[in-house]
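What you see below is based on every heavy atom in this structure, not just the backbone, and it leaves out hydrogens, waters and symmetry mates. The chain is numbered in sequence order, starting from 1.
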Amino acid sequence: MDKLLKKYIKENYIKPKSSKSFFKFKAKRNKQTYQTAFNNVECLCTSSLKRDVDFEQNLQETFVQHLFTIIDKKNLKDSQVYKKANIDRKLFSKIRSNLNYKPSKNTLLALATAFELDLDETKVFLEKAGFSLSKSILTDVIVEYYIVNKQYDIFTINQSLDDYKLQILGSNI
């Protein structure tokens with residue numbers, strides 16, 4: 001395994017706390033705190049619903065629209081993208097044909113590496129589909145390492161993921 005990758009993981013990976021500590025913390029909360037929070041949220045929701053809001057006008061570009069914007073900007077063919085991302089042509093076709101398609105995070109990370117997106121671009125790309133990179137998910141830390149170091153070969157990334165017994169990117173295994 002790559003020594004630099006091990007060092008990066010050691011510096012960036014945050015192991016999740018045990019569920020026992022979470023339940024101890026949760027038990028310390030009292031009913032009054034929960035009731036106050038509930039009342040505050042209820043007031044915010046009620047007041048925001050009273051305003052006339054044009055929701056359609058405030059919608060952002062969907063993930064699929066964003067995906068094809070990137071493909072157009074980079075002058076890529078669909079076949080180049082799905083091959084470099086190591087994803088199935090049928091899956092890519094499914095994404096292309098459904099404007100509201102929600103891919104898995106695994107597929108998104110594969111596409112981000114195929115596009116050779118930098119870290120900020122990758123974060124935006126993931127956010128468009130409702131995901132984010134997390135320091136407590138080892139797969140995310142490993143992929144982040146390769147992105148930060150501008151190493152976008154999916155097979156190299158997948159070898160590192162496999163070394164840690166994690167699901168590889170792209171391939172629907």
Distance check, rounded to the nearest 0.5 Å: Thr107 atom OG1 versus Lys94 atom NZ?
10.0 Å

Would the distance check show the side chain of Ser97 and the main-chain N or O of Ser93 forming a donor-acceptor pair, the cut-off being under 3.5 Å?
yes

For the residue pair Phe125 and Phe115, does the interplanar ring angle fall in the parallel (under 30°), tilted (30 to 60°) or perpendicular (over 60°) class?
perpendicular

Specify the closest pair of heavy atoms between Phe63 and Pro103, including all atoms of both residues, with the distance to one decimal.
CE2-CG, 3.4 Å

Nearest heavy-atom neighbours spanning Ala85 and Ala110:
O-CB, 3.3 Å

Do Asp2 and Lys7 pass the salt bridge (charged side-chain N to carboxylate O under 4.0 Å, His left out) test, and can you show the C-alpha distance, the side-chain angles, and the key distance before you say yes or no?
CA-CA 9 Å; Asp2 186 351; Lys7 182 181 179 201; over 6 Å; no

Taking only residues two or more places apart in sequence or in another chain, which ones pass side-chain contact (heavy atoms from CB on, under 4.5 Å) with Thr156?
Tyr146, Asp153

Check whether Asn158 reaches the backbone of Ile168 with its side chain - one donor and one acceptor, N or O, closer than 3.5 Å.
no

Which heavy atom of Leu169 sits nearest a heavy atom of Asn86, and at what distance?
O-ND2, 3.5 Å

Expected output: side-chain Asp162 to main-chain Lys165 donor-acceptor under 3.5 Å
no

Are any of the side-chain heavy atoms of Val148 and Tyr8 separated by less than 4.5 Å?
yes

Result for side-chain contact (heavy atoms from CB on, under 4.5 Å) between Ser160 and one of Leu5, Val143, Ile9 points to Leu5

Side-chain H-bond candidate by donor/acceptor type, Gln151 with Tyr145, under 3.5 Å:
no

Lys/Arg N to Asp/Glu carboxylate O, Glu116 vs Lys150, below 4.0 Å
no

Over 12 foreign heavy atoms within 6.0 Å of NZ, Lys102
yes

What pairs of residues pass the side-chain hydrogen bond (donor to acceptor under 3.5 Å, both in side chains) test when at least one of them lies in residues 73-83, not counting sequence neighbours?
Asp78-Arg96

